Amino acid sequence: MKTFSLNALALGIAVSLSGCAPLPLTQSIQAETFTALQPVDVKIGIRQPELYANYVRSTAGTAGTAGCAAIPGLGVLLAAACGGAFGAMDASINAARAQEADEKVRPLKDLRVDTHFDQSMRNALVESMQATQAVRIADVVVTKTVTEKAYEDIFSASVSPSVMFVNIEYYLSPDFSMLELTSRSMLYPRSAAAKEAARLPTAPAADKPAPVLAQENASYRANFFYRARLPVASADTATNIEAWRADDGRLLRAALHHGIQQTSHVLREDLHARTTAASAATDIDLGNGQRGSLVFKSEAGMLARDAAGSLYFEADVADALRTHEVAQASAPVAGAASAHAGDSAPR
């Protein structure tokens, strides 16, 4: 079993915890600034090698981690990254819970529903972002090394005006009733001209140098949470696992495909400021005591934005199944084989 000490989704937040006053988790970008940052290098961080199951972390006696838990919708890996500085308290309890979750999810892992997840995520992001003339992509790479040092090296080595990091994580909820796919996107101006357009200092302050990828240096910050719930969820975990497992994981494969497509689509729309809540008066229950405002509702599902600016997509699983099967039926066999070649290697 493998556990993670640093959440791919949380890197932008973790980097910013360096003594500076916390900034809002999300920040939109003006169209003229976004244009000035083109072309952009896109780095997709997917640290996990396969599907995993979330679990309820023990934070008894760890006041610091409680602050992390207050951030809505973030998975167990973020809690590990955010709370890691507070020591190894509750480590044995969490290790046991993680092992139990891994044992439960094993039958679903064995279906290998996510064999081509990394490449599919990359392809969907490229297709979605290139669908608009406002985005010019210089390079797109999937990396499995999601650390502050690795990202700083990537940023320094880039020759593009800006670099966007899109960190992806996907997992099943603790009761296995829901598949979640989460993303944290950060766009950093790199060249002097891009920094000037973004109204950022072209050189770090000598008296107070901040990390290269500090949150304050990002011109765009976004959180997105995709959720696909079982049509008929049970209070019994084993029953939910069997529902995902049925027909060789048919529903789970469809939900993963749908999540990839919606993540790519919403990122593109948000970059172009097309995800503004339709009405603040449209109150939506996001779960865990969180509320949000409706952005739109369609056959695919419902998109809402919370008070902190994070976006939540509640999927219609029936639509996910339909769109996945249409895509499967229309995909040329030869093209699919070519696209999947070398999926194990980062792009």
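Note that this is a predicted model, so its numbers are computed, not measured.
- The two residues Ala198 and Ser219 come nearest to each other via the heavy atoms CB-OG, 3.2 Å.
- Under the 4.5 Å side-chain heavy-atom criterion for Ile, Leu, Val, Met, Phe, Trp and Tyr, Ile46 and Leu256 are members of the same hydrophobic cluster.
- Ion pair Arg253/Asp114 not flagged as a salt bridge, since none of the NZ, NE, NH1 or NH2 atoms sits closer than 4.0 Å to an Asp/Glu carboxylate oxygen.
- Side chain of Lys109 to main chain of Tyr52: no donor-acceptor pair is present (N/O by atom type, distance under 3.5 Å, no hydrogens or angles).
- Between Glu314 and Arg229 a salt bridge is recorded (basic side-chain N to carboxylate O distance below 4.0 Å).
- Applying the 6.0 Å contact sphere to CD of Glu50 captures more than 12 heavy atoms from other residues, nucleotides or ligands.
- Closest non-hydrogen pair, Thr33 versus Ala197, comes out as OG1-O, 3.8 Å.
- The distance from atom NZ of Lys104 to atom CG of Asp175, rounded to the nearest 0.5 Å, is 9.5 Å.
- For Ser234 (side chain) and Thr239 (main-chain N/O), no donor-acceptor pair under 3.5 Å exists by modelled atom type.
- Not a single donor-acceptor pair under 3.5 Å links the side chain of Asp247 to the backbone N or O of Gly249.
- In this structure, Phe117 has its ring center under 6.0 Å from that of Tyr170.
- Under the 4.0 Å criterion applied to side-chain N and carboxylate O atoms, Arg47 and Glu169 are not assigned as salt-bridge partners.
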Inset, instruction - Evaluate the side-chain hydrogen bond (donor to acceptor under 3.5 Å, both in side chains) criterion for residues Glu127 and Asn123: first the C-alpha distance (whole Å), next the side-chain angles of each, then the deciding distance (0.1 Å), finally the verdict. - result: CA-CA 6 Å; Glu127 181 178 355; Asn123 291 348; over 6 Å; no
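- Note that CG of Leu37 and CZ of Arg190 are 11.0 Å apart. Values are rounded to the nearest 0.5 Å.
- Heavy-atom contacts from other residues, nucleotides or ligands closer than 6.0 Å to CD of Glu325 number more than 12.
- Not a single donor-acceptor pair under 3.5 Å links the side chain of Ser162 to the backbone N or O of Pro189.
- Within the 4.5 Å cutoff, the side chain of Tyr151 has heavy atoms near those of the Val146 side chain.
- Ring geometry for Phe165 versus Tyr188: interplanar angle over 60°, hence perpendicular rather than tilted (30 to 60°).
- No more than 12 heavy atoms of other residues, nucleotides or ligands lie within 6.0 Å of CZ in Arg245, so this atom counts as exposed by the packing criterion.
- Remark: side-chain polar atoms of Thr323 are paired, donor with acceptor, to backbone N or O of Ala320 under 3.5 angstrom.
- Rounding to the nearest 0.5 Å gives a distance of 12.0 Å between CD of Glu242 and OG1 of Thr237.
- Interatomic distance, Leu271 CG to Ser185 OG, rounded to the nearest 0.5 Å: 7.5 Å.
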Legend entry - Candidate pair Arg184 and Asn223, rule side-chain hydrogen bond (donor to acceptor under 3.5 Å, both in side chains), full reasoning: CA-CA 5 Å; Arg184 172 71 172 167; Asn223 291 335; 2.9 Å; yes
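- A salt bridge links Asp285 with Arg291: the closest approach of a Lys/Arg side-chain nitrogen to an acidic carboxylate oxygen falls below 4.0 angstrom.
- Under a 3.5 Å cut-off, the side chain of Asn217 and the backbone N or O of Val212 do form a donor-acceptor pair.
- Closest of all the heavy-atom pairs between Trp244 and Ala255 is CZ3-CB, 4.2 Å.
- A donor-acceptor pair under 3.5 Å is absent between the side-chain atoms of Arg221 and the main chain of Ser28, judged by distance alone.
- The line from CG of Asp41 to OG of Ser158 is 3.5 Å long, rounded to the nearest 0.5 Å.
- Using a 30° and 60° split on the angle between ring planes, Phe313 and Tyr226 fall in the parallel class, below 30°.
- Salt-bridge formation is not detected for the pair Asp118/Arg122: no Lys NZ or Arg NE/NH1/NH2 atom is positioned less than 4.0 Å from an Asp or Glu carboxylate oxygen.
- In this structure, the side chains of Phe224 and Thr263 come closer than 4.5 Å at one or more pairs of heavy atoms.
- Without hydrogens or angle criteria, Thr115 side chain to Arg112 main chain gives a donor-acceptor distance under 3.5 Å.
- Under a 4.0 Å N-O distance rule, the pair Asp110/Arg106 qualifies as a salt bridge.
- We find that Asp316 and Lys297 are not joined by a salt bridge, their nearest charged nitrogen and carboxylate oxygen being 4.0 Å or further apart.
- With rounding to the nearest 0.5 Å, the separation of CD1 in Ile154 from OG1 in Thr143 is 5.0 Å.
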